[in-house]
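Worksheet: one structure, shown below.
Here the structure is a predicted model, which means the values were calculated and not measured. All values below were derived from every heavy atom in this structure, side-chain atoms included, with hydrogens, water molecules and symmetry-related copies excluded. Start at 1 and go down the list; that is how both ligands and their atoms are numbered.
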Amino acid sequence: MKIIRSPSAMTAWSEGLRREGVRIGLVPTMGALHDGHRALIRAARLRCDALAVSIFVNPTQFGPREDLTKYPRHISRDRALCRKEGVDVCFEPTAEAMYPERFQTIVTLPTIARRWEGEVRPHHFSGVATVVTKLFGIVRPQISYFGQKDFQQSALVRQLVEDLNLGVTIVVGSTVREKDGLALSSRNVYLSPDDRVRAVTLYRSLQAGADVIRRGVRAGKVIQTAMHRVVKAEPSMAVDYLVVCNPHTLEPLSMVTGKAVLLGAVRLGPVRLIDNLLVTAF
Ligand code: PAF
């Protein structure tokens with residue numbers, strides 16, 4: 001497995017392969033890889049001839065009071081996982097190489113980024129959209145893989161690719177969960193043992209929403225009340241949002257009539273957890 005740090009060397013590697021008709025896959029990550037990333041890498045490995053994983057803790061998607069400096073970094077463990085899964089290149093650029101002094105372009109998607117995570121983390125999605133656009137420009141993949149756990153992010157990336165004609169197929173892999181249902185996340189390591197036990201309440205509240213839909217409830221407000229009821233029973237958990245939305249526009253639904261996504265974000269002590277479930281009302 002090659003480790004490439006310079007963006008121009010990364011592009012040279014890809015361009016050489018593209019000229020030979022090789023299908024290149026990219027799994028963009030911020031490192032601290034877990035089984036959720038592993039599942040994306042495995043799916044990509046099956047479908048792509050050459051596979052790059054980018055490991056870059058992108059500073060522009062962190063707010064001033066967020067965990068950029070504390071974000072978990074385990075580069076040797078990440079490289080070992082990539083090697084084991086047959087990754088061809090780990091692309092590990094520095095922040096200086098990605099954002100040199102003269103850098104000034106910001107990519108924003110004002111509508112899809114407005115609500116939910118966008119409301120709580122105002123510049124987060126312009127940071128994500130900008131770095132993903134750069135990674136696609138540098139790595140030039142034909143296919144790229146994102147996790148469903150970051151539902152709004154994957155919707156935003158699909159929109160970005162469509163709007164800017166980037167020619168990258170986006171594949172969204174299902175959320176990988178712990179045995180009790182907690183969605184895997186690099187930030188779960190911040191949970192205290194007690195909060196780790198409580199953390200599954202978010203998933204349970206989404207399941208409660210899905211259950212009432214299965215039982216025939218269609219009114220958005222009633223579905224949201226069912227989700228809130230579960231979280232209220234866990235007083236140490238504070239809700240940022242628990243909503244039922246259109247899965248394409250991410251606008252809240254007053255009535256569920258087909259596909260919908262239940263989106264949730266809560267705070268447990270210093271940790272913020274997000275999760276979602278896709279549901280269909282027949
Ligand atoms: O989901 C992530 O890990 C990041 O937001 C991404 C897509 C790698 C961009 O930095």
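In this structure, Phe136 and Phe146 have perpendicular ring planes: the angle between them is above 60°, well past the 30° mark.
For Thr94, there are no side chain to side chain donor-acceptor pair (under 3.5 Å) partners, not counting sequence neighbours.
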Report every pair formed by an N or O atom of ligand 1 and a protein N or O atom separated by less than 3.5 Å, giving atom names and the distance to 0.1 Å.
{"unit_1": "ligand 1", "atom_1": "1 (O)", "unit_2": "Gln153", "atom_2": "NE2", "d": "2.8"}
{"unit_1": "ligand 1", "atom_1": "5 (O)", "unit_2": "Gln61", "atom_2": "NE2", "d": "2.9"}
{"unit_1": "ligand 1", "atom_1": "5 (O)", "unit_2": "Gln153", "atom_2": "OE1", "d": "2.7"}
{"unit_1": "ligand 1", "atom_1": "10 (O)", "unit_2": "Gln61", "atom_2": "OE1", "d": "2.6"}

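By the 4.0 Å N-to-carboxylate-O rule, Asp240 lies close enough to Arg267 to be salt-bridged with it. Of the charged side-chain nitrogens involved, none lies within less than 4.0 Å of a carboxylate oxygen, so that Arg114 and Glu119 do not count as a salt-bridged pair. The pair Arg196-Asp180 meets the salt-bridge criterion, since a charged nitrogen lies less than 4.0 angstrom from a carboxylate oxygen.
In this structure, CD1 in Ile213 is found 5.0 Å from CG in Leu262, a value given to the nearest 0.5 Å.
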